[in-house]
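Atoms considered below: every heavy atom in the structure, side chains included; atoms not considered: hydrogens, waters and symmetry mates. Ligands are counted one by one from 1 in listed order, and the atoms in each one are counted from 1 as well.
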Amino acid sequence: MKNVETLLRENRAWAEETFRKIDTKFSAVTLRSRDKLPYGVNENGFHIDMTERRRPWWTNGFWGGLNWLLYAYTKNEEYKKTAKRSEELLRPVADEFGRLDHDVGFVWHLTFGADYMLTGDEAAKNLDLYMAASLASRFILATKVPGGFIRAWNGKRGTAWDNYDRSIIDCLMNLPLLYWASDVTDDDRFARFAKAHADVSLRDHLRADGSVNHIVDHDRETGALTGTQAGQGYAVGSSWSRGCSWAVYGFVLSYLHTKEERYLEGAKRAADYFVENVKSDWLPRVDFRAPAEPVLYDSTAGACAACGLIELAKILPENEGGKYLEAAVNLLRTMGEKFCNFDPANDHMLDYGTERYPADLSPEGLKKAGVHMSIIYGDFFYTEAVLKLLGAEFSPW
Ligand code: GLY
């Protein structure tokens, strides 16, 4: 097993060249998509604009976030202009409390939070703190035992959208907003909610083998798991790969903010499982326990997991970290070759993302479902991972 230093050195030229392609592409796309909140692309390869379709949506911070990542590394002012513009486009969503949900970290911390970290903009900091307060307000205290969790989604009791006692693995990625809020306000309540939620996630989302439950139902009095749901995976008890990647990176981030060993152990368990399930060809399937056919990929899972694997490699001793870095490099290089479109004429970069395991596997069903498409968070995490290989210091998390 090669050590971290050797692997970084050997892959430096690849990472530099790949970043050069990313920068060349996005310095064109950032101008074309300045007035959009992109999600996927249309048949001509141009971004679909969520400003028109669905402005309050969990992915609408990734475009601003990607531009802040690129600005932080290149100092190209055009990226900053686009990031600021995306904040203007998002801003009206903040005026309606009922449109905020558990994903305020993804949306606001990657945009306004990153803005504050990079420019010191006080108004951006304040808005992000409001979002932290709204996330903290979702905390459901288990009344009979210490602890609790952050409730997923919005909905009304007793209706089909009754999510009151439900938590999801994805929410680990919203916790950095709370850790950050504790840091900047010097008030540990936000971080205490974050840790309580991360602990429930360790207990109820992460399984013994390192795979995860996407959705968990809890007993409100004790917080205990009362049931699980397939969510975006193939079936109850299967293994949705993006959920696994949320666990890999999410537990690493909780470790980085708290230095609590149990989160590092959780991250390693999820990472070992993830690597075991992608190492045959380094192209992540949507669900690691779905039938082998049809072959359905989700590149976004690979890009997010790569970020967590690289961070693990930086945290762990050389001899242990090497295996995680090698896995991250294998994922990025293989997906770079097979799934990436670096042509500046198209808006999409990382293709073969998949929203969820499709219910209908007929050719028409697959066409309608969000299968094998580019999704903006795939581009965000792929770029973030390449920047990590290059030693970039800025992290919005
Ligand atoms: N957080 C929703 C998803 O990963 O699709």
Report task. Would you check whether E355 has a nitrogen or oxygen atom less than 3.5 angstrom from a nitrogen or oxygen atom of ligand 1? Result -> no

**Report entry** Backbone of H348 reached by a side-chain donor or acceptor of K25 within 3.5 Å
**Finding:** yes

Query raised in the report: Does Q232 reach ligand 1 with a nitrogen or oxygen that is under 3.5 Å from one of the ligand's nitrogen or oxygen atoms?
Result: yes

Query raised in the report: Is a side-chain N or O of T59 found less than 3.5 angstrom from the main chain of Y39, in a donor-acceptor match?
Result: no

Query raised in the report: Taking distance alone, with no angle check, do W58 and ligand 1 share an N/O pair under 3.5 Å?
Result: no

Query - Residue list, side-chain contact (heavy atoms from CB on, under 4.5 Å) with R20, at least two apart or on another chain - result: E17, T24

Query raised in the report: Where is the nearest protein heavy atom to atom 1 (N) of ligand 1: which residue, which atom, and how far?
Result: D170 OD2, 2.7 Å

Query raised in the report: With no hydrogens and no angle check, is any side-chain donor or acceptor of D165 less than 3.5 Å from a backbone partner on R220?
Result: no

Query raised in the report: With respect to atom 5 (O) of ligand 1, which of H102, R356, R242 exhibits the smallest heavy-atom separation?
Result: R242

Report task. Describe, in one word, how the ring planes of Y179 and H257 are oriented to each other, choosing from parallel (under 30°), tilted (30 to 60°) and perpendicular (over 60°). Result -> parallel

